[in-house]
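Please read these numbers as outputs of a predicted model, since none were measured by experiment. Along the sequence shown, the residues carry numbers beginning at 1.
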Amino acid sequence: MSELYQEANDLFIDEEYSQALTCYDKLIAGVQEGSTVTPALLAEYYYKRGLTHQKLDQLQLASADCTKCIEWLEKSEGSSKLLVKAAYRMGLCEFKLNNYNVAQEALLKAEKLGSVEKDLASMLETCKAKLPKSQEPSTSQIETTQASPAKIRHEWYQTDSHVYVSVFIKKVQPANLTVELLPREVSLSVKQTSGTDIQFSLEPLAQEIDVSQSAYTVLSTKVEFSLKKANLGFKWSNLEGDEDTTSSSKVASVPNFKPSYPSSSRKPKNWDALSREAEKEAEAEENSGMNAVFQKIYRDADENTRRAMLKSFTESNGTCLSTDWKDVGSKRVETSPPEGMEARKWGQ
């Protein structure tokens, strides 16, 4: 990342939008003068400048930059995640300008690509109501909209120092997961063998987070985020949106605080306990599959193989299982704990 780009991003985060805009202008002008920049990075420049125009209420310029971003991404087969964001942002700007036809086209594109923005459906409904029948989406567009992925369930709670967000996606492989944490944004992308990535984002967050002290954990039933509040002790009224920190109330410090999720049930539920139970069930399913394999091997084995399995498993305290009686029959099978673990006698 160039120093000028870093400076522009820092100014944007500090809400110095006019100065940030000057930096983004210089970056894009430099590219046009012949500097070597990849199409994907140039698309990112346009998107960031478009965001800055939007913050300055320059909606036409913001929409134009998002259009440029989309064009460069489609030429270079760049980030699908950025393409979704640019299409949504363009649609939002055109919607605010009352250009409902252009807004509808951009928003439909964002929905087709998997956007999960919560106001997307309501804006599309408004566009449909505002436009004449002749300008309503075509049959192919409607079919695409109906085939768009379902919303991803997520829940959140907070303490005086952190906001905890659970995104419920099962059996995520860490190698297929991409996470981005920014002061006012949390997003993730999960690669799938089908070729259609799972996309989820929270933007903008209600207040800023400390990215350096925030983290995430991949569990069998969900991806859990631990977001450190930049303004400690202040209560977030919502997870997303623009919130005035000066009017935010303090979170009461309660000893042994145990947060709970909102529920319409008269009897409160312990969601953490339910989550742990679901994880145990998932692990039990995996273990039951392995046990079935070992039981079949033992059932179909000859006498010497059975003796080898019993002897090795018993003497190694469950850390080794051999089917070779010649190897284990004449010696004691020592305990062999997994790598990184240490075998100890009971009570040590």
Side-chain angles (χ1 to χ4, degrees), residues 77 79-85 88 110-118 120-121 144-158 162-182 185-203 205 209 211 213-228 239-240 258-263 265 269-297 318-319 321 337-341:
E77 297 183 355
S79 168
S80 59
K81 176 183 168 184
L82 186 58
L83 187 59
V84 175
K85 289 183 176 182
Y88 168 77
E111 187 175 51
K112 177 183 176 181
L113 293 169
S115 175
V116 294
E117 298 293 344
K118 58 185 180 182
L120 184 61
T144 301
T145 300
Q146 292 173 342
S148 63
K151 304 296 184 183
I152 299 172
R153 184 168 70 92
H154 67 283
E155 295 174 341
W156 72 287
Y157 64 88
Q158 63 183 304
H162 286 79
V163 172
Y164 298 93
V165 182
S166 294
V167 183
F168 292 92
I169 308 173
K170 290 184 178 180
K171 299 181 180 179
V172 174
Q173 297 297 322
N176 297 331
L177 175 65
T178 302
V179 171
E180 185 176 17
L181 295 177
L182 297 172
E185 179 184 355
V186 172
S187 62
L188 65 81
S189 175
V190 182
K191 290 184 178 179
Q192 294 185 296
T193 54
S194 62
T196 303
D197 295 352
I198 297 175
Q199 305 280 353
F200 177 84
S201 67
L202 299 169
E203 180 192 9
L205 293 171
I209 61 172
V211 175
Q213 297 189 54
S214 298
Y216 67 93
T217 306
V218 180
L219 303 174
S220 61
T221 58
K222 62 182 178 180
V223 179
E224 188 166 86
F225 291 90
S226 172
L227 309 175
K228 182 69 175 290
L239 183 58
E240 295 178 271
K258 293 184 179 180
S260 61
Y261 295 105
S263 173
S265 174
K269 295 182 180 180
N270 187 333
W271 293 103
D272 288 336
L274 289 174
S275 177
R276 288 193 295 270
E277 188 65 29
E279 290 165 18
K280 287 180 181 178
E281 288 177 3
E283 291 174 3
E285 288 178 6
E286 295 176 5
N287 292 335
S288 63
M290 293 299 296
N291 287 335
V293 172
F294 292 139
Q295 288 171 6
K296 185 177 186 305
I297 293 173
T319 61
L321 183 66
E339 184 178 352
M341 300 185 70

With sequence neighbours left out, what residues match Ser187 under side chain to side chain donor-acceptor pair (under 3.5 Å)?
-> Lys81
Tell me whether the centres of the aromatic rings in His154 and Phe200 are closer together than 6.0 Å.
-> yes
Can you name the residues that form a side chain to side chain contact (heavy atoms under 4.5 Å, CB included) with Val211, not counting sequence neighbours?
-> Leu181, Pro183, Ile209
Rounded to the nearest 0.5 Å, the OH atom of Tyr157 sits from the CG atom of Leu239 at a distance of 13.0 Å
Between Lys85 and Glu185, does at least one N-O distance fall below 4.0 Å, as a salt bridge requires?
-> yes
Side chains of Ser166 and Glu224, donor plus acceptor under 3.5 Å | yes
Using side chain to side chain contact (heavy atoms under 4.5 Å, CB included) as the criterion, list what pairs up with Gln213, not counting sequence neighbours.
-> Asp210, Lys228
If we only count heavy atoms from C-beta on, is the Ile169 to Ile198 side-chain gap below 4.5 Å?
-> yes
For side-chain contact (heavy atoms from CB on, under 4.5 Å), just list the numbers for Tyr164 and Leu227, CA-CA rounded to whole Å, side-chain angles, deciding distance to a tenth of an Å, and then say yes or no.
-> CA-CA 6 Å; Tyr164 298 93; Leu227 309 175; over 6 Å; no
Would a 4.5 Å heavy-atom cut-off, applied to side chains only, mark Val223 and Thr217 as touching?
-> no
Under the side chain to side chain contact (heavy atoms under 4.5 Å, CB included) rule, collect the residues that match up with Glu240, sequence neighbours excluded.
-> Lys118, Leu202
Can you tell me how far OG of Ser214 sits from NE2 of His162, rounded to the nearest 0.5 angstrom?
-> 6.5 Å
With a 4.5 Å limit on heavy-atom distance, are the side chains of Tyr88 and Leu120 in contact?
-> yes
Show your reasoning for whether side-chain contact (heavy atoms from CB on, under 4.5 Å) applies to Phe225 and Val186.
-> CA-CA 9 Å; Phe225 291 90; Val186 172; 3.7 Å; yes
Does a side-chain heavy-atom distance below 4.5 Å link Val190 with Asp197?
-> no
Would you check, one step at a time, whether the test side-chain contact (heavy atoms from CB on, under 4.5 Å) holds for Tyr216 with Val167?
-> CA-CA 10 Å; Tyr216 67 93; Val167 183; over 6 Å; no
List for me each residue that meets side chain to side chain contact (heavy atoms under 4.5 Å, CB included) alongside Gln173, sequence neighbours excluded, and say none if there are none.
-> Asn176
Euclidean distance, Leu83 CG relative to Gln199 CD, rounded to 0.5 Å = 10.0 Å
